[in-house]
2 protein chains.
Amino acid sequence: MGLEMGILVRNAVEPEGGCLRAEPVSHCATCHTRFLAVCSAFEDHELSDFNRIVQHRCHAAKAALFEQGQNADFVFSVSEGVVRLFRLLSDGRRQIIGFALPGDFLGVSLPLTHDYCAEAVGAIRVCRIPRNAFVALVDEKPHLLRKLHEFACRDMRTAREQMVLLGRKTAEERVAAFLLTMRERWARVAHCSVTVPLPMSRVDIADYLGLTIETVSRTISKLARDKAIVVVPDGVRLLDIPRLQAAGAR
Amino acid sequence: MGLEMGILVRNAVEPEGGCLRAEPVSHCATCHTRFLAVCSAFEDHELSDFNRIVQHRCHAAKAALFEQGQNADFVFSVSEGVVRLFRLLSDGRRQIIGFALPGDFLGVSLPLTHDYCAEAVGAIRVCRIPRNAFVALVDEKPHLLRKLHEFACRDMRTAREQMVLLGRKTAEERVAAFLLTMRERWARVAHCSVTVPLPMSRVDIADYLGLTIETVSRTISKLARDKAIVVVPDGVRLLDIPRLQAAGAR
DNA sequence: CGTTTCGTTGATATTAATCAACGAGCGTGG
DNA sequence: CCACGCTCGTTGATTAATATCAACGAAACG
């Protein structure tokens with residue numbers, strides 16, 4: 001943590017608890033993820049109840065939102081940027097269990113302690129919500145629980161796909177499937193495009209796909225050599241989507 | 001399906017839709033999983049509402065409860081036996097995404113179509129519930145939704161563990177972790193014991209752990225040679241749990 | 001402008017997959 | 001009852017995929 005704090009301070013001014021001063025969203029009503037995130041459970045007139053308990057915050061790259069085993073005092077909704085979620089084995093091996101994009105929620109299970117770590121990939125904006133206040137709101141508003149369950153079920157579907165990928169797909173299939181999935185997920189957030197942002201490092205991608213950096217790098221190079229993709233700064237442009245779908249093994 | 005029907009018929013009489021005549025539980029109140037399964041959401045006096053819509057059924061080994069892509073007309077609660085849940089790739093590769101034990105629920109997301117297959121491993125008893133009636137009941141009873149969400153979150157935690165296993169663990173670690181997890185899960189159902197029932201075949205275990213049968217077989221043999229386990233009919237007895245925990249890589 | 005990090009590529013090692021053979025158990029049918 | 005075919009699990013030999021080790025260039029950063 002000390003190390004990361006240092007990076008934070010180097011990148012931007014940090015008034016308290018890792019939150020940067022770059023001004024966050026002032027009110028949920030103006031948030032990009034208003035109709036995408038859990039807050040889509042609320043009617044406009046209910047939003048102020050929610051807004052009262054959320055804290056709009058910014059974090060620099062590599063900031064930890066929470067760590068494996070830590071008390072879950074807060075839950076989070078990502079409003080901008082990407083968060084990596086991962087578990088660590090005792091010998092340092094890491095498995096990234098997901099990337100949270102804008103609109104995604106961290107803490108659907110309202111856990112007492114977090115069972116994975118969450119770190120900002122690049123700079124991010126999040127809504128931080130005290131767990132207790134949120135639990136109280138969930139108790140009060142049935143549609144919120146329903147929305148939460150919906151989110152949990154979507155996460156579950158994604159997790160199942162990932163199990164198939166990790167258990168039974170080859171390196172090329174994993175990378176191709178990853179690119180197509182990220183494309184779909186970004187399409188939900190922003191307008192659809194063939195250029196897929198990949199703000200995370202090769203190490204992150206490797207730890208997500210159960211591969212090594214070298215294998216990820218080689219596979220991406222191969223797809224580029226085959227003219228299925230073009231590597232661009234912080235992302236790839238998908239040239240031959242049918243080719244990728246064939247490679248992705250459905 | 002034709003093949004499996006044949007097996008069903010050979011094993012037991014089958015009056016309709018793959019349900020065997022061996023008499024199922026007559027009422028939820030007498031069910032082994034009364035306080036373990038979703039029905040634990042109900043007080044005793046509410047149970048008859050639930051009992052009215054459930055169908056207690058038996059299935060022979062290899063019977064399919066539902067298939068990937070099929071309309072989800074029913075959801076299920078397992079009351080006896082083990083169900084394998086899996087996805088198939090177009091070329092036949094299979095990934096088992098979970099084993100459902102007594103008390104487990106299939107269809108927490110109340111999906112319109114199933115996105116995986118469910119098959120009885122051995123003979124099973126299940127509560128089959130028409131999806132529509134169940135959805136109506138969930139709308140009516142807030143604690144049921146809460147219970148469902150709790151189940152979804154538990155599944156999610158299991159899925160995350162499995163992603164770590166599939167992405168980052170060695171063959172021996174996978175097998176050791178699998179045995180320890182199965183032990184814990186059986187302990188929830190029946191009394192705790194060092195003998196872990198493994199009613200599923202080696203192929204099933206392999207497809208769950210992202211390995212081949214040969215590797216599973218060799219690894220089990222190695223653990224047995226090391227006196228960490230003893231192989232018994234349809235299961236293993238865990239002799240050296242610390243050794244297994246060390247091998248299981250936390 | 002040096003230092004560090006990150007991504008790429010090449011050479012080699014290692015793990016687990018594949019290919020192959022065999023024996024035990026089981027149900028079927030002669 | 002025994003012989004036959006079949007499935008299942010085990011073990012051995014070999015191969016293939018990916019990990020590991022190593023070197024290097026480019027970009028980022030202080």
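All values derive from a computational prediction rather than experimental measurement. Chain A is the first sequence line, chain B the second, and so forth, proteins listed ahead of strands; every chain is numbered from 1.
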Worksheet item: Taking 4.0 angstrom as the limit, do B:Arg250 and B:Glu173 come out as a salt bridge?
Response: no

Worksheet item: How many Å lie between CD1 on B:Ile213 and P on D:dG12, as a whole number?
Response: 16 Å

Worksheet item: Are B:Phe66 and B:Phe74 near enough that their ring centres are under 6.0 Å apart?
Response: no

Worksheet item: Is a side-chain donor or acceptor of A:Thr219 paired with a backbone partner of A:Thr215 at a separation under 3.5 angstrom?
Response: yes

Which protein N or O atoms sit under 3.5 Å from an N or O of nucleotides 22-28 of chain D?
none

Item to complete: For A:Leu209 and D:dA17, give me the distance from atom CG to atom P, rounded to whole Å.
Response: 18 Å

Fill in: Cationic N near anionic O, under 4.0 Å, B:Arg185 to B:Glu161
no

Response to the item:
Rounded to whole Å, CZ of A:Arg94 lies from P of D:dA19 at a distance of 15 Å

Worksheet item: Around B:Glu184, counting heavy atoms of other residues, nucleotides and ligands shown, do more than 12 lie under 6.0 Å from its CD?
Response: no

Discussion item. Rounded to whole Å, how long is the line connecting atom NZ of B:Lys62 with atom P of C:dG27?
Written reply: 12 Å

Response to the item:
B:Ile205 atom CD1 is separated from D:dC8 atom C1', nearest whole Å, by 12 Å

Response to the item:
5'-most contact on DNA chain C (nearest-nucleotide basis), A:Arg202 vs B:Gly210, goes to A:Arg202

Discussion item. Check the phosphate of C:dA16 against B:Thr215, side-chain N and O only, distance under 4.0 Å to OP1 or OP2. Yes or no?
Written reply: no

Worksheet item: Hey, does the Lys NZ or Arg CZ of B:Arg84 hover above the aromatic six-ring of B:Phe99, less than 6.0 Å from the centre and inside 45° of the axis?
Response: no

Practice prompt. Tell me which residues in residues 216-231 of chain B put a heavy atom below 4.0 Å from DNA chain D, sorted by number, or none.
Written response: B:Ser217, B:Arg218, B:Ser221

Worksheet entry | Proximity of A:Phe86 and A:Tyr116 rings by center, below 6.0 Å | no

Worksheet item: Is any NZ, NE, NH1 or NH2 atom of the basic residue among A:Asp207 and B:Arg168 found under 4.0 Å from an Asp or Glu carboxylate oxygen of the other?
Response: yes

Worksheet item: What does A:Leu211 touch in the nucleic acid at a heavy-atom separation under 4.0 angstrom: a base, only the sugar-phosphate, or nothing?
Response: sugar-phosphate

Worksheet item: Is A:Arg94 paired with A:Glu119 through a side-chain N to carboxylate O contact shorter than 4.0 Å?
Response: no

Discussion item. Using a 4.0 Å heavy-atom cut-off, does B:Thr212 contact any base of the nucleic acid, only the sugar-phosphate backbone, or nothing at all?
Written reply: base

Practice prompt. For A:Arg154, look at atom CZ and say whether over 12 heavy atoms of other residues, nucleotides or ligands are found less than 6.0 Å away.
Written response: yes

Fill in: For DNA chain D, the residues among residues 162-182 of chain B that have a non-hydrogen atom under 4.0 Å from it
none

Item to complete: Could you verify whether a donor N or O on one side chain and an acceptor N or O on the other, from B:Thr195 and B:Arg237, lie under 3.5 Å apart?
Response: yes

